[in-house]
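Structure first, then comments.
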Amino acid sequence: SLTVAIVVLTKLDDSPLASHHRDMLWRAFGVPVFEQVRGWDDAVIARECEVHDGLHIVESAAIPHLDNNELLVTQLTSIDDLIVRARTGLSAEIVVEHCECGNEAPRLRNLAPLGRKNAMAV
């Protein structure tokens with residue numbers, strides 16, 4: 001089990017962690033790098049798992065949808081300002097299959113700004 005790692009926080013309205021940035025952090029610090037995605041209210045809505053096979057959705061925080069390859073998100077943590085199927089400007093894949101880490105929550109894979117597929121292969 002890990003004792004030291006770097007956690008990179010990104011927001012839905014920002015660019016996901018790129019593979020070359022992940023590599024630079026690994027070379028600089030020699031520790032695993034994990035990404036967590038925050039919603040518009042800064043609540044964490046997805047966390048990368050230990051096997052780096054996507055970002056597990058925090059099901060109490062968000063519901064992801066795809067529309068013409070664009071990731072839409074319903075954010076459940078923003079009670080005062082309900083956010084339903086908001087556009088993110090990101091392409092993604094939603095995976096519901098079993099994950100090797102044991103977490104059964106759906107995962108986001110291949111988050112990238114629309115038009116730049118595979119900018120991040122998590």
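Positions are given from 1, in the same order as the sequence printed here.
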Next on the checklist: Please say yes or no: joined through hydrophobic side-chain contacts below 4.5 Å, possibly via intermediate residues, are Val31 and Leu25 part of one cluster?
Outcome noted: yes
Checklist entry - Going through the distances and angles, do Asp41 and Thr77 end up as a side-chain hydrogen bond (donor to acceptor under 3.5 Å, both in side chains)? => result CA-CA 8 Å; Asp41 68 348; Thr77 57; 2.8 Å; yes
Checklist entry - Between Arg47 (side chain) and Val58 (backbone), is there a donor-acceptor pair under 3.5 Å? => result no
Next on the checklist: So, taking the atom named OG1 in Thr10 and the one named CG in Leu17, what distance separates them when rounded to the nearest 0.5 Å?
Outcome noted: 7.5 Å
Checklist entry - Which atom pair, heavy atoms only, marks the closest approach of Leu72 to Arg87? => result CD2-CA, 3.6 Å
Checklist entry - Are side-chain heavy atoms of Val33 and Val8 found at a separation under 4.5 Å? => result yes
Checklist entry - Do the non-hydrogen side-chain atoms of Pro16 and Glu35 ever get within less than 4.5 Å of each other? => result yes
Checklist outcome for this item: The reported gap from CG in Leu71 to OG1 in Thr88 (rounded to nearest 0.5 angstrom) is 4.0 Å
Item to check | Linked, directly or transitively: Val4 and Phe29 (ILVMFWY side chains, under 4.5 Å) | outcome: yes
Checklist entry - Heavy atoms, side chains only, cut-off 4.5 Å: are Ile45 and Ile57 in contact? => result no
Next on the checklist: Minimum heavy-atom separation for Ile94 and Pro106, please, with both atom names.
Outcome noted: CG2-CB, 4.5 Å
Item to check | Within-4.5 Å side-chain heavy-atom neighbours: Lys11 and Val37 | outcome: no
Next on the checklist: Determine whether Ile83 and Thr74 satisfy the following criterion, side chain to side chain contact (heavy atoms under 4.5 Å, CB included), listing intermediate values before the conclusion.
Outcome noted: CA-CA 6 Å; Ile83 299 172; Thr74 297; over 6 Å; no
Checklist entry - Would Arg38 and Asp14 pass as an ion pair if we require N to O under 4.0 Å? => result no
Checklist entry - Under the side chain to side chain contact (heavy atoms under 4.5 Å, CB included) criterion, do Leu90 and Leu114 qualify, and how do the steps go? => result CA-CA 5 Å; Leu90 300 171; Leu114 279 173; 5.9 Å; no
Next on the checklist: So does Trp40 get a backbone contact from the side chain of Gln75, meaning a donor-acceptor N/O pair under 3.5 Å?
Outcome noted: yes
Checklist entry - What is the minimum heavy-atom distance between Ala62 and Val73, and which atoms define it? => result CB-CG1, 3.9 Å
Item to check | Shortest non-hydrogen contact between Gln36 and Val44, atoms and distance | outcome: OE1-CG2, 3.6 Å
Next on the checklist: Could you go through Arg107 and Asp53, starting from their C-alpha distance and side-chain angles, then the distance that decides it, and tell me whether this counts as side chain to side chain contact (heavy atoms under 4.5 Å, CB included)?
Outcome noted: CA-CA 8 Å; Arg107 316 186 286 288; Asp53 191 23; 3.1 Å; yes
Checklist entry - Do the side-chain N and O atoms of Glu70 and Ser91 include a donor-acceptor pair separated by under 3.5 angstrom? => result no
Checklist entry - Under a 4.5 Å cut-off applied to non-hydrogen side-chain atoms, are Phe34 and Cys49 in contact? => result no
Checklist entry - Between Leu12 and Gly39, what is the shortest heavy-atom contact and its length? => result CD1-CA, 4.1 Å
Checklist entry - Going through the distances and angles, do Leu55 and Leu111 end up as a side chain to side chain contact (heavy atoms under 4.5 Å, CB included)? => result CA-CA 9 Å; Leu55 297 151; Leu111 277 175; 3.4 Å; yes
Checklist entry - Is a side-chain donor or acceptor of His56 paired with a backbone partner of Ala105 at a separation under 3.5 angstrom? => result yes
Checklist entry - Would you call Glu48 and Arg109 a salt bridge, using N to O less than 4.0 angstrom? => result no
